[in-house]
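Right, one structure below, let's go through it.
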Amino acid sequence: MVTQKNHSIVLGIDIGTTGTKCSFYDLECNLVASEYQEYPMIHPREGWVEEDPNVWWASVVRNVKLCIDRGEVDPARVAGIGVSCTNSFIPLDRQGNNLYNAILQLDQRSASEVQWLEDTIGRDRIYEVTGNRIARGTFALPTLLWYIKNRPDIIEKTHKFVVPSGFIINKLTGEFSINTSRMGFTLLSNIRTGTWDEGLARDTGVPIDKLPKPYNATDIVGHVTAVAAEQCGLREGTPVVAGSMDTVAAAIGAGAILPGDSFLAIGTCGRACFTTETPAFDDRLMNCRHAVDGQWLSVEATNAAGASLRWFRDQFGEALAERCQKEGSSIYEMLDKVAEEASAGSNGVLYLPYLSGERCPIWDPNARGVMFGLSFGTSYGDMVRAIMEGVAYSIRQGMKIVLKHNDKPKSLSLGGGIANSRIWCQIFADILNEPIVRLRVNETETLGAAILAAKGVGLIDSLDEMTGYTTQHCEIIHPDKQASAIYDDYFVLYEKLYEDLKDNFITAQSIKEKHS
């Protein structure tokens, strides 16, 4: 590479469910600077989950400015920007102002719209076109129908619906866009062609003119405007590529760019992903187009992975405050410590991580979280470890389906916020009974977005010029045979617990609604 390329850096932005991270990387995937801003979810009603997208933009501005103001980043060196994002669909007016909060993937308000789609359009037709099942929250179409039914005033004023990355790209460039991987989760696009399906839009009543122009992941959508440059400190004219959904960016950041590559992306939500040359048509999984031409991702997803521990931290973390202060540890470091103090199996405590329903493989919006097996002998550490184990059990349950369509991996790379916790990585290795590659750069979403930006602006000719660095010098965590044997027994009980309780979830919800 020439000197100018060696001098260049790229910015990856990830709009997550619980926070936004902005990270600058050089072309060998070394982290130059990074900032993270956490924010709360909004719950206007039971089962409704929203966020203010303006908080996302404020977080991007804050993060980028801090990196620049500290002197870690020279804006003139930033050659390109890529954005990855969580799942949502936001109505914007012609000026790019949001007309409603972002309705998140955890939202459960569109039950009647799901029923209408099943009765009127049919599961088979939608699955044949999109490669995905009908489900509220996870996919945008039921939410769009909720807008049409309940807020026609918003539909009338909407110029374009965009996903979170599209919202940020609009703030940066003024352009309206959607990337082809994230559009696959709208239930309005053809998974084979990456184009909007006019027939589905027409028959569901969605105005197709309000859907944004699709772009491939490395396509340049626009350039940083003077207004955006003044706000966040980036150089005016810096190119911005379309980027991808967070799972696809995580695949790039984990180096999973060849058929058969697999990885775990465990952040707020948890995902086990396999790259394929054809969509894996199994309606218990999710499918999307990869950023690599001619490839798809087969995805198993758990709604509340890191979100489960964050919930526990927010509700019960004060119990560790004195110990944190005494030992000089952060709350998450202390949660790791108390989990390490508990033994495999958490003293008989099992956790079902269904705080907001669940996606793969049970697809049950009525499911709720369960802490099973509590006794007077249960410790704080038992409960923390049970949460970590419950998330890993959930991924194992989904991977049983994934492995029906894919060869068993030789190892699994793990990225996302959970990779910061060695004990949690060990639990994954033990429960999955697979070696876990703890990635050197665990924030795979921002790294993947940055790699896509590098490709889009011509700093690299192919993705493997950078992805080759992602698995170098990584720690490999091997399963402990004794712990794996314990977890094999508890996993049988984990699966049985849901089957025994699933009817009671519906009953409990009915009682709650009756008395609310």
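We count residues from 1, following the sequence as given.
When the side-chain contact (heavy atoms from CB on, under 4.5 Å) test is applied to Lys213, the partners found at least two apart in sequence or on another chain are Tyr215. Not counting sequence neighbours, the partners of Asp153 by the salt bridge (Lys or Arg N to Asp or Glu O under 4.0 Å) test are Arg151. Residues forming a side-chain contact (heavy atoms from CB on, under 4.5 Å) with Ser112 (at least two apart in sequence, or on another chain): Lys149. When the ring pair (Phe, Tyr, Trp, His ring centres under 6.0 Å) test is applied to Trp116, no partner is found at least two apart in sequence or on another chain. Residues meeting the side-chain contact (heavy atoms from CB on, under 4.5 Å) test with Ser413, sequence neighbours left out: Ala254, Phe263, Val437, Leu439.
Distance check, rounded to the nearest 0.5 Å: OH of Tyr100 to OG1 of Thr143 gives 10.5 Å. Atoms CG and CD1, on Leu352 and Ile387 in that order, are 12.0 Å from each other to the nearest 0.5 Å. Atom-to-atom distance recorded for Ile15:CD1 and Ser84:OG is 8.0 Å, nearest 0.5 angstrom. The line from CG of Asp261 to NE2 of His290 is 7.5 Å long, rounded to the nearest 0.5 Å. Atom CG of residue Asp464 and atom CD1 of residue Ile252 lie 10.5 Å apart, to the nearest 0.5 angstrom.
For the pair Ile121/Leu200, a side-chain contact is recorded, criterion being any heavy-atom separation below 4.5 Å from C-beta on. Counting only heavy atoms from C-beta outward, the side chains of Asp219 and Val241 never approach each other to under 4.5 Å. Residues Leu104 and Glu51 have side chains in contact (heavy-atom distance under 4.5 Å, counting atoms from C-beta outward). With contacts defined as side-chain heavy-atom distances shorter than 4.5 Å, the pair Met245/Cys85 does not qualify. At least one side-chain heavy atom of Pro142 sits less than 4.5 Å from a side-chain heavy atom of Leu117. Put simply, the side chain of Ser189 reaches to within 4.5 Å of the side chain of Met183, judged on heavy atoms. At a threshold of 4.5 Å between non-hydrogen side-chain atoms, the residues Phe274 and Met399 count as touching.
Scanning both residues, Thr20 and Asn63, for their nearest heavy atoms gives O-ND2, 3.0 Å. In terms of heavy atoms, Phe428 sits closest to Ile418 at CE1-CG2, 4.3 Å. The shortest non-hydrogen separation linking Cys360 to Val299 is SG-O, 4.0 Å. Between Thr238 and Val78, the shortest heavy-atom distance links the atoms CG2-O, 3.6 Å. In terms of heavy-atom proximity, Ile90 sits nearest to Pro53 at CG2-CG, 4.1 Å. Ile395 and Ala272 get closest at one heavy-atom pair: CG2-CB, 4.1 Å.
The salt bridge (Lys or Arg N to Asp or Glu O under 4.0 Å) pairs that include a residue from residues 299-309 number zero, where partners must be two or more places apart or lie in different chains. Judged as a salt bridge (Lys or Arg N to Asp or Glu O under 4.0 Å), the pairs with a partner in residues 438-451 (not counting sequence neighbours) are, in order, Lys21-Glu443, Arg271-Glu445, Arg438-Glu475. Under the salt bridge (Lys or Arg N to Asp or Glu O under 4.0 Å) criterion, the residue pairs touching residues 53-73 are Glu35-Arg62, Glu35-Arg70, Arg70-Glu72, with sequence neighbours excluded. Listed by first and then second residue, the ring pair (Phe, Tyr, Trp, His ring centres under 6.0 Å) pairs involving residues 57-92 are Phe89-Phe161 (not counting sequence neighbours). Sorted by first and then second residue, the pairs that involve residues 178-197 and meet ring pair (Phe, Tyr, Trp, His ring centres under 6.0 Å), not counting sequence neighbours, are Phe139-Phe185. For residues 167-196, the set of pairs meeting the salt bridge (Lys or Arg N to Asp or Glu O under 4.0 Å) definition, not counting sequence neighbours, comprises Glu128-Arg192, Arg182-Asp246.
Considering Thr204, Val114, Asn132 as possible partners of Leu141, the one that fulfils the side chain to side chain contact (heavy atoms under 4.5 Å, CB included) test is Thr204. Between Trp363 and the options Asp283, Ile134, Thr138, a side chain to side chain contact (heavy atoms under 4.5 Å, CB included) holds for only Thr138. Checking each of Leu187, Ile155, Thr186, Leu144 against Val206 for a side chain to side chain contact (heavy atoms under 4.5 Å, CB included) leaves exactly one that passes, namely Leu144. When the options Thr158, Asn101, Asn97, Asn98 are evaluated for a side chain to side chain contact (heavy atoms under 4.5 Å, CB included) with Pro91, the one that passes is Thr158.
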Verdict with supporting geometry, Thr130 and Asn190, side-chain contact (heavy atoms from CB on, under 4.5 Å): CA-CA 5 Å; Thr130 71; Asn190 188 305; over 6 Å; no
Please walk me through it: do Glu113 and Asn150 pass side-chain contact (heavy atoms from CB on, under 4.5 Å)? CA-CA 11 Å; Glu113 287 73 25; Asn150 297 280; 4.0 Å; yes
Glu333 vs Arg313, salt bridge (charged side-chain N to carboxylate O under 4.0 Å, His left out): CA-CA, chis, key distance, verdict: CA-CA 12 Å; Glu333 289 172 335; Arg313 177 205 71 179; over 6 Å; no
List the steps, then state whether side-chain contact (heavy atoms from CB on, under 4.5 Å) holds for Leu320 with Leu335. CA-CA 8 Å; Leu320 293 179; Leu335 288 170; 3.8 Å; yes
Given the rule in the side-chain contact (heavy atoms from CB on, under 4.5 Å) test, do Leu11 and Val73 qualify, once you have shown the distances and angles that lead to the verdict? CA-CA 10 Å; Leu11 167 60; Val73 170; over 6 Å; no
What side-chain donor-acceptor pairs closer than 3.5 Å can you find for residues 224-234, not counting sequence neighbours?
from: Thr225; atom 1: OG1; to: Ala228; atom 2: N; distance (Å): 3.1

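Using modelled atom types, one finds no donor on one side chain facing an acceptor on the other under 3.5 Å when comparing Thr18 with Tyr39. In this model, no donor atom of one side chain and acceptor atom of the other lie less than 3.5 Å apart for Thr268 and Thr17.
Between the side chain of Ser88 and the backbone N or O of Ile103 there is at least one donor-acceptor pair closer than 3.5 Å. Under a 3.5 Å cut-off, the side chain of Trp424 and the backbone N or O of Met388 do form a donor-acceptor pair. A donor-acceptor distance shorter than 3.5 angstrom exists from the side chain of Asn287 to the backbone of Gly131, with no hydrogens or angles considered.
Atom CD of Glu38 is surrounded by more than 12 heavy atoms from other residues, nucleotides or ligands within 6.0 Å. Within a 6.0 Å sphere centred on CD of Glu156, heavy atoms belonging to other residues, nucleotides or ligands number 12 at most. Heavy-atom neighbours of Lys157 NZ from other residues, nucleotides or ligands within 6.0 Å: at or below the threshold of 12.
By the 4.0 Å N-to-carboxylate-O rule, Glu50 lies close enough to Arg109 to be salt-bridged with it. Looking at Lys455 and Glu465, no side-chain N of the basic residue comes within less than 4.0 Å of a carboxylate O on the acidic one, giving no salt bridge.
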